[in-house]
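See structure below.
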Amino acid sequence: MIASTPDPPYYAVIFTSVRTDVNEGYEDMAKLMVKLAGQHEGFLGVETARNETGITVSYWKDLDSIKTWKHQTDHLLAQQLGRQKWYEGYKTRISLVEKDYGFERGND
């Protein structure tokens, strides 16, 4: 599903990852992170896709919102577990979205 975001500017946090073979607890934690992020001040939406490489893009109002989310208690636990057992590697990038446009069938 494509996230519904406000008019720019806003920020995108792009999390790219390669998983290990360990699945125990991963799906539940991923669902919890989306739920908690949705309750977090400044969160605008999320999009995710996974094949060999996973990409999750979360959208945020400002850098302060991103910073406080990074240090949220449950998110810190997810980061620790990710490094310990769920990811072979990952990279996080933070970008300012200055322009967006798109198409949605039925809305043209």
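Shortest non-hydrogen contact noted between Lys85 and Thr20 is O-OG1, 2.5 Å. Between Glu88 and Arg19, the shortest heavy-atom contact is CG-O, 3.5 Å. Here the closest non-hydrogen pair linking Trp86 and Met29 is CH2-CB, 3.7 Å. The two residues Thr68 and Ser65 have their closest heavy-atom pair at OG1-O, 3.1 Å. Here the closest non-hydrogen pair linking Lys70 and Leu76 is O-CD2, 3.5 Å. Across all their heavy atoms, Trp60 and His40 have their closest contact at CZ3-CD2, 3.6 Å.
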For residues 90-102, which side-chain N or O atoms pair as donor and acceptor with protein atoms under 3.5 Å away, sequence neighbours left out?
unit_1: Tyr90; atom_1: OH; unit_2: Arg83; atom_2: NH1; d: 3.4
unit_1: Asp100; atom_1: OD2; unit_2: Thr5; atom_2: OG1; d: 3.4
unit_1: Asp100; atom_1: OD2; unit_2: Tyr10; atom_2: OH; d: 2.6

For residues 42-55, run the donor-acceptor check on the side chains, cut-off 3.5 Å, and write out each pair with its distance to 0.1 Å, sequence neighbours left out.
unit_1: Glu47; atom_1: OE1; unit_2: Tyr59; atom_2: OH; d: 2.7
unit_1: Glu47; atom_1: OE2; unit_2: Ala3; atom_2: N; d: 2.9
unit_1: Thr48; atom_1: OG1; unit_2: Ile55; atom_2: O; d: 3.4
unit_1: Thr48; atom_1: OG1; unit_2: Thr56; atom_2: OG1; d: 2.8
unit_1: Arg50; atom_1: NH2; unit_2: Ser17; atom_2: OG; d: 2.6

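Of the inter-residue distances, the one linking Lys67 atom NZ with Gln72 atom CD reads 16.0 Å to the nearest 0.5 angstrom. Once rounded to the nearest 0.5 Å, the distance linking NZ of Lys61 with OH of Tyr11 reads 12.0 Å.
In terms of hydrophobic clustering, with Ile, Leu, Val, Met, Phe, Trp and Tyr side chains grouped at heavy-atom distances under 4.5 Å, Leu77 and Leu32 are assigned to a common cluster. Residues Val57 and Met33 are members of separate hydrophobic clusters, defined by side-chain heavy-atom contacts under 4.5 angstrom among Ile, Leu, Val, Met, Phe, Trp and Tyr.
Listed by first and then second residue, the side-chain hydrogen bond (donor to acceptor under 3.5 Å, both in side chains) pairs that reach into residues 24-39 are Tyr26-Tyr87, sequence neighbours excluded.
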